[in-house]
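Count residues from 1 along the sequence. For the numbers below, each heavy atom of this structure counts, side chains included, while hydrogens, waters and symmetry mates do not.
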Amino acid sequence: MPYRSPVAELRFILDKVVPLAPVAATEKFSEATSDTVEAILTEAGKLCDGVLAPINRNGDLHPAKLENGVVRASPGFKEAFNQIAEGGWVSVAGPAEHGGMGLPLTLAIAVNDLMAGANIALHLHPLLTQGQIDALEHHASDELKALYIPKLASGEWSGTMNLTEPQAGSDVGALRTKAEPNGDGTYSITGQKIFISWGDNDLVSNVCHLVLARLPDGVPGTKGISLFMVPKFIPDENGNPGVANTLKVVSLEHKMGLHGSPTCVMSFEGAKGWLVGGPHKGMAAMFTMMNNARLNVGVEGVGIAEAAYQKALEYAQDRVQFKPIIEHADVRRMLAEMRAETFAARSIAMACAVAIDLGHAANDAAQAARAALLTPIAKAYGTQTGMWVSDQGIQVHGGMGFIEETGAAQFYRDVRVTAIYEGTNGIQAMDLVGRKMMDQGAAAFALLDEVMLDAKAATGFADLATDVEKAASALRAHVETLLKQDTQDRFAGAVPTLMAFARVLGAHFHLRAAVAAGEGSAYAKLAQVYIKRLLPQAYASMTEAEVGAADLYALSVEDLAI
């Protein structure tokens with residue numbers, strides 16, 4: 001059974017569970033009518049099912065290669081990317097004045113969900129470009145916007161972000177890349193960057209790098225970092241690729257998965273660059289791109305979960321061990337929980353996107369705060385779901401899941417890095433309990449109050465609603481306890497706290513789906529699985545989170561080495 005894009009489920013979520021209607025009611029996004037949503041999702045689904053998914057295996061078996069200084073993409077990737085570009089899919093939410101569709105981010109996130117499930121390795125290419133467009137739109141000069149965004153939006157050029165160096169990963173402030181003024185408004189960029197996804201490719205005519213570097217007067221740490229646009233080919237007077245810049249791909253990383261997505265070691269050797277944003281303001285500009293990427297990476301996890309689930313479901317129906325294995329209780333449990341986790345993670349991602357759109361379109365501070373709160377949850381839970389569902393998919397296949405020819409293992413190998421991308425899931429959790437609680441829990445309390453009110457109004461599902469309301473109330477009390485903890489204790493319990501939020505919010509959206517679909521519906525039955533089997537884990541997570549850090553640091557390094 002080939003991959004089938006979950007278009008119907010996304011329409012259901014955006015209609016009944018996390019309504020897009022309030023976004024379409026704003027002046028900014030008035031064109032996002034139900035007909036437009038239907039058309040966008042339907043056409044994106046056709047592209048994913050008919051073009052992207054069939055070449056997904058090619059990327060795994062025939063990785064991108066570095067030949068004579070140029071990265072050559074996997075077989076079929078160029079032709080498929082041309083269709084992505086020609087359809088305008090690179091810039092669904094990009095600014096209309098620069099060639100984008102100007103539609104809500106929520107629709108772009110939904111399309112990215114479909115594309116990631118079909119072919120995550122190729123999907124990373126336009127995903128990075130979308131983040132670069134966002135960063136340029138918010139921070140670049142008018143001249144840079146006019147030159148770069150139309151080319152990026154059309155798919156003629158592609159974008160990357162260059163943060164990491166061998167000695168500077170999460171500690172970005174430790175970077176050594178230098179930027180020297182040339183005296184003509186440009187800068188000379190020198191340094192090495194690693195882990196640069198799609199740092200070069202033969203799909204486009206120019207690759208545009210956003211590079212973090214330090215000016216001569218930049219102070220140590222993150223406050224002294226600036227951001228620069230450094231293209232592979234320097235645009236000529238007509239805006240076309242001109243002479244080659246002094247940068248190169250040193251090598252491609254040999255990775256566990258995502259073989260179709262080239263990960264480059266980049267060397268900048270006095271390369272010409274242009275400042276994006278003000279001097280020493282690079283982190284603010286880069287965080288715009290990273291926040292866009294965080295939600296999208298979470299959605300990549302959801303997409304892979306969808307694909308892994310579909311493959312496991314097909315196998316379980318066909319494989320006979322005394323009887324079709326789908327009839328065995330434990331296999332049925334795995335499939336039901338895989339399906340329930342995927343729906344929950346997808347709904348949380350859509351809720352985050354809707355909050356972002358409402359914050360921008362309606363200048364709604366409360367929605368902006370909600371979006372900020374939901375972003376680390378959507379990223380971490382989405383990627384955890386991708387890993388867990390992919391792992392369970394291998395288990396459903398039994399021994400055949402461990403055999404590469406079945407393709408079941410590829411999903412896990414491809415998705416594993418998403419828990420590391422754009423700030424590890426541990427960093428996301430620390431962001432949630434740290435920076436996102438600087439409002440003394442106001443955004444969290446507002447969200448949990450809404451969950452409890454929704455549960456009280458969930459007619460016809462009193463038993464499930466009571467469970468959701470009790471869990472939300474317990475999580476509210478947990479946040480109050482968390483706010484009294486010191487930083488180290490909060491961080492020691494950050495990951496379980498984030499998972500408790502994910503569990504409660506997942507149950508909330510499952511309950512909404514059950515109410516919308518009605519008693520006896522598939523969504524009502526799925527809600528039963530999630531709320532009765534998975535929601536109780538929230539209590540264990542909260543208990544763990546409140547233990548604090550003392551027991552962890554009571555173990556010395558020597559103790560850990562026994």
- Modelled atom types, side-chain donor and acceptor of Glu306 and Gln310, under 3.5 Å: yes
- Closest non-hydrogen atoms of Val299 and Ala349, given as atom of the first, atom of the second and distance, are CG2-CB, 3.7 Å
- Task: Would you mind reporting whether Lys436 and Pro376 have side-chain heavy atoms less than 4.5 Å apart?
- Result: yes
- Query: Salt bridge between Glu314 and Lys311, side-chain N to carboxylate O under 4.0 Å?
  - Reply: no
- Item | Side chains of His125 and Val204 in contact at under 4.5 Å (non-hydrogen atoms) | yes
- Query: Do Thr129 side-chain atoms and Gly159 backbone N/O form a donor-acceptor pair below 3.5 Å?
  - Reply: yes
- Would you please test Glu341 and Arg346 for salt bridge (charged side-chain N to carboxylate O under 4.0 Å, His left out) and show each step? CA-CA 9 Å; Glu341 290 277 29; Arg346 177 171 285 135; over 6 Å; no
Contacts table for residues 494-502: side-chain donor-acceptor under 3.5 angstrom, sequence neighbours left out:
residue : atom : partner : partner atom : Å
Thr497  : OG1  : His478  : NE2          : 2.9
Thr497  : OG1  : Gly493  : O            : 3.0

- Task: For this output row, return yes or no: ring centroids of Phe268 and His209 closer than 6.0 angstrom.
- Result: yes
- Query: Where do Ile394 and Tyr412 come nearest, in terms of heavy atoms and distance?
  - Reply: CD1-CB, 4.0 Å
- Message: Under 4.0 Å between a side-chain nitrogen and a carboxylate oxygen: does that hold for Arg4 and Asp49?
- Response: no
- Does some side-chain heavy atom of Val396 sit less than 4.5 Å from a side-chain heavy atom of Leu313? no
- Task: Would you confirm whether Asn296, through its side chain, and Leu127, through its main-chain N or O, come within 3.5 Å as a donor-acceptor pair?
- Result: no
- State which residues pass side-chain hydrogen bond (donor to acceptor under 3.5 Å, both in side chains) with Glu544; sequence neighbours excluded, sorted by chain then number. none
- Do the side chain of Glu519 and the main chain of Ala514 share a donor and acceptor less than 3.5 angstrom apart? no
- Query: Is it true that a side-chain atom of Asp202 and a backbone atom of Arg72 form a donor plus acceptor pair closer than 3.5 Å?
  - Reply: no
- Task: Determine yes or no for a side-chain-to-main-chain donor-acceptor pair under 3.5 angstrom, with Lys248 supplying the side chain and Gly69 the backbone.
- Result: no
- Backbone N or O of Met400 within a donor-acceptor pair of the Thr406 side chain at under 3.5 Å? yes
- Query: Are Glu405 and Arg57 close enough for a salt bridge, meaning some N to O gap below 4.0 Å?
  - Reply: no
Which pairs would a plain distance check flag for residues 10-17, meaning a side-chain donor or acceptor within less than 3.5 Å of a matching protein atom at least two apart in sequence or in another chain?
residue : atom : partner : partner atom : Å
Arg11   : NE   : Glu38   : OE1          : 3.2
Arg11   : NH1  : Glu38   : OE2          : 3.4

- Task: Give me the ring orientation class for Tyr523 and Phe343: parallel if the planes are under 30° apart, tilted from 30 to 60°, perpendicular past 60°.
- Result: tilted
- For Met387, does its backbone N or O pair with a side-chain atom of Ser390 as donor and acceptor, under 3.5 Å? no
- Heavy-atom distance under 4.5 Å between the side chains of Pro262 and Trp198, does that happen here? yes
- Message: Taking Gly518's backbone N and O only, do any of them form a donor-acceptor pair with Ser521's side chain (distance below 3.5 Å, no angle check)?
- Response: yes
- Query: Per the side-chain hydrogen bond (donor to acceptor under 3.5 Å, both in side chains) rule, which among Asp414, Asn58, Asp60 passes with His259?
  - Reply: Asp60
- Flag, side chain of Gln428 to backbone of Lys379, donor-acceptor distance under 3.5 Å: no
- Item | Given Asp200, Asn206, Asn201, the one that forms side-chain hydrogen bond (donor to acceptor under 3.5 Å, both in side chains) with Lys232 | Asp200
- Message: Applying side-chain contact (heavy atoms from CB on, under 4.5 Å) to Thr263 and Leu252, what does each step give before you reach the verdict?
- Response: CA-CA 6 Å; Thr263 300; Leu252 298 185; over 6 Å; no
- Query: Side-chain contact, heavy-atom cut-off 4.5 Å: Gln395 with Met334?
  - Reply: yes
- Item | Note, Ser74 side chain near Ile55 side chain (heavy atom, < 4.5 Å) | no
- Message: So Asp463 and Lys532, do their side chains get closer than 4.5 Å, heavy atoms only?
- Response: yes
- Task: Please report the shortest heavy-atom distance between Gln167 and Ala174, naming the atom on each side.
- Result: NE2-O, 3.2 Å
- side chain to side chain contact (heavy atoms under 4.5 Å, CB included) test vs Val302 passes for just one of Ile109, Thr342, Asn112, namely Thr342
- Query: Does the pair Thr160 and Leu210 meet the rule for a side-chain contact (heavy atoms from CB on, under 4.5 Å), with working shown?
  - Reply: CA-CA 6 Å; Thr160 74; Leu210 282 182; over 6 Å; no
- Query: Would Gln528 and Arg533 count as a side-chain contact (heavy atoms from CB on, under 4.5 Å) if you check the C-alpha gap in whole Å, the side-chain angles of each, and the deciding distance to 0.1 Å?
  - Reply: CA-CA 8 Å; Gln528 178 82 15; Arg533 291 178 175 270; over 6 Å; no
- Message: To check you understand the geometry: which heavy-atom pair defines the closest contact between Ile562 and Asp559, and what is its length?
- Response: CG1-O, 3.0 Å
- Query: Does a side-chain heavy-atom distance below 4.5 Å link Leu52 with His123?
  - Reply: no
- Hey, which of Val90, Ile84, Asn82 is the one that makes side chain to side chain contact (heavy atoms under 4.5 Å, CB included) with Glu86? Asn82
- Return yes if some donor-acceptor pair links the side-chain N/O of Lys193 with the main-chain N/O of Leu163 below 3.5 Å, else return no. yes
- Message: Less than 3.5 Å apart, any donor N or O on the side chain of Gln130 or Ser91 sitting next to an acceptor on the other?
- Response: no
- Item | Glu67 with Lys65: basic N within carboxylate O range, under 4.0 Å | yes
- Decide if atom CZ of Phe195 counts as having more than 12 heavy atoms of other residues, nucleotides or ligands within a radius under 6.0 Å. no
- Query: Does a side chain donor of either Tyr539 or Arg503 reach within less than 3.5 Å of an acceptor in the other side chain?
  - Reply: no
- Residues Val504, Leu535; criterion side-chain contact (heavy atoms from CB on, under 4.5 Å); working and verdict: CA-CA 7 Å; Val504 170; Leu535 177 59; 4.2 Å; yes
- Item | Salt-bridge present (Arg332, Glu327; N to O < 4.0 Å) | yes
